[in-house]
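One structure is given below, encoded as structure tokens.
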Amino acid sequence: MRSEDPRSNHTSHVRTGNQSLSHRRVFAAPAELVQRAHVDPELFRQWMGPRGSMVSFEQFNPVTGGAFRYGVGMEGTPAAVFFGSYHVVVPGLIVHTWQYHGETGFTVEALRFTAESHSSSVLDVTSTFPTVEACDQMVESGLDDEMDANFDRLDEVLSSLGRSVSS
């Protein structure tokens, strides 16, 4: 688990408890736009998963009380399936559970979208895992690099949206 200055366009990753991880990233986009990229299915599929992967939705209802089930995979390979429930979706905050298909226990994740200036924002993510072992496994899995790669693509999507809004 590494921790870097989020202003250097990397995500900071910090173990904040036996079962919790915190991640922080600064984006050169308003908080509302960063949150929109988490709830708009067409934007979400552009940045979620490894570069070149495809996201397919069985269910994607990012509202308080809604749920999601989607797969992420490369062409010709089975998709990794994720599912969960949205507990809170309001401006500046998303709280949801998620888990991988076939695993037991769910992770609670809180995403906070905070304006830093009129053109930049901070995304703070806190993930609380069902067990210490589940948290340990996530740390050992290479989550940091995968999250950084996803957020690099999210930067690209946000930059493209910013150009289309200002055009």
Side-chain angles (χ1 to χ4, degrees), residues 1-2 9-11 13 15 19-25 27 29 31-113 121 123-161 164:
M1 177 130 268
R2 69 174 184 247
N9 240 12
H10 291 281
T11 309
H13 308 278
R15 183 129 187 195
Q19 293 174 235
S20 298
L21 302 174
S22 292
H23 315 279
R24 173 175 268 229
R25 176 81 170 226
F27 290 97
E32 298 80 15
L33 195 55
V34 178
Q35 185 168 1
R36 182 175 145 215
H38 282 77
V39 298
D40 179 316
E42 293 311 311
L43 296 177
F44 186 83
R45 72 172 29 144
Q46 292 179 46
W47 63 269
M48 178 54 66
R51 191 174 295 280
S53 65
M54 294 173 285
V55 175
S56 59
F57 297 106
E58 186 175 314
Q59 181 178 20
F60 194 74
N61 188 20
V63 298
T64 299
F68 64 89
R69 184 178 182 88
Y70 63 87
V72 178
M74 304 300 274
E75 189 171 337
T77 62
V81 176
F82 304 86
F83 63 95
S85 300
Y86 290 99
H87 297 268
V88 179
V89 179
V90 296
L93 178 66
I94 298 173
V95 178
H96 65 86
T97 57
W98 68 266
Q99 70 186 98
Y100 297 112
H101 177 72
E103 291 189 358
T104 59
F106 58 87
T107 299
V108 177
E109 200 161 69
L111 295 83
R112 288 180 176 74
F113 305 86
S121 59
L123 171 59
D124 285 301
V125 180
T126 302
S127 301
T128 303
F129 296 86
T131 64
V132 172
E133 294 77 18
C135 188
D136 291 342
Q137 287 176 338
M138 189 57 71
V139 169
E140 294 164 8
S141 75
L143 161 79
D144 299 355
D145 291 336
E146 292 174 26
M147 184 177 279
D148 285 345
N150 282 347
F151 285 166
D152 288 346
R153 280 191 307 288
L154 178 52
D155 274 329
E156 295 166 10
V157 170
L158 294 169
S159 175
S160 137
L161 288 172
S164 68

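By convention here, the first residue in the shown sequence is residue 1. Hydrogens, waters and symmetry mates are skipped; everything else that's a heavy atom, side chains included, is used.
Across Val63 and Val89, no two heavy atoms sit closer than the pair C-CG2, 3.7 Å. The heavy-atom pair separating Phe113 from His38 by the smallest distance is CE2-ND1, 3.6 Å. The two residues Val55 and Met48 have their closest heavy-atom pair at CG2-O, 3.5 Å. Here the closest non-hydrogen pair linking Tyr86 and His96 is CD2-CB, 3.8 Å. When all heavy atoms are compared, the tightest approach of Val157 to Trp47 is CG2-CB, 4.3 Å. Shown here for Met74 and Met54, the closest heavy-atom pair between the two residues is C-CE, 4.0 Å.
Heavy atoms of other residues, nucleotides or ligands lying less than 6.0 angstrom from CZ of Phe82 number more than 12. More than 12 heavy-atom neighbours from other residues, nucleotides or ligands sit within 6.0 angstrom of CD on Gln59.
A 4.5 Å side-chain heavy-atom check between Thr11 and His13 finds at least one atom pair inside the cut-off. Considering only heavy atoms from C-beta on, Thr107 stays 4.5 Å or farther from Cys135 through its side chain. No side-chain heavy atom of Phe129 sits less than 4.5 Å from a side-chain heavy atom of Asp136. Val125 has its side chain within reach of Glu109: a pair of non-hydrogen atoms, C-beta onward, lies under 4.5 Å apart.
Here OG of Ser159 is found 10.5 Å from CG of Leu33. Values are rounded to the nearest 0.5 Å. Between Arg25 atom CZ and Asn150 atom CG the span is 10.0 Å, to the nearest 0.5 Å. In this structure, CG on Leu43 lies 5.5 Å from CG on Leu161, to the nearest 0.5 angstrom. Distance CD/Gln46 to CG/Leu158: 10.0 Å, rounded to 0.5 Å. Note that CZ of Arg112 is 11.0 Å distant from CZ of Arg24, once rounded to the nearest 0.5 Å. With rounding to the nearest 0.5 angstrom, the CG atom of Asp124 is 11.0 Å from the CG atom of Leu93.
Looking only at distances, a side-chain donor or acceptor of Gln35 sits under 3.5 Å from a matching main-chain atom of Val90. Although no hydrogens or angles enter the test, the distance criterion places no donor-acceptor pair under 3.5 Å between the side chain of Thr126 and the main chain of Ala110. For the pair Ser121 (side chain) and Ala29 (backbone), a donor-acceptor distance under 3.5 Å is present.
Side-chain contact of Thr128 with Gln19: a donor-acceptor pair under 3.5 Å is absent, judged by distance alone.
In this structure, the salt bridge (Lys or Arg N to Asp or Glu O under 4.0 Å) partners of Glu42, at least two apart in sequence or on a different chain, are Arg45.
Using cut-offs of 30° and 60° on the angle between ring planes, the pair Trp98 and Tyr100 is perpendicular.
Identified under the ring pair (Phe, Tyr, Trp, His ring centres under 6.0 Å) test for residues 133-160, with sequence neighbours left out: Phe27-Phe151.
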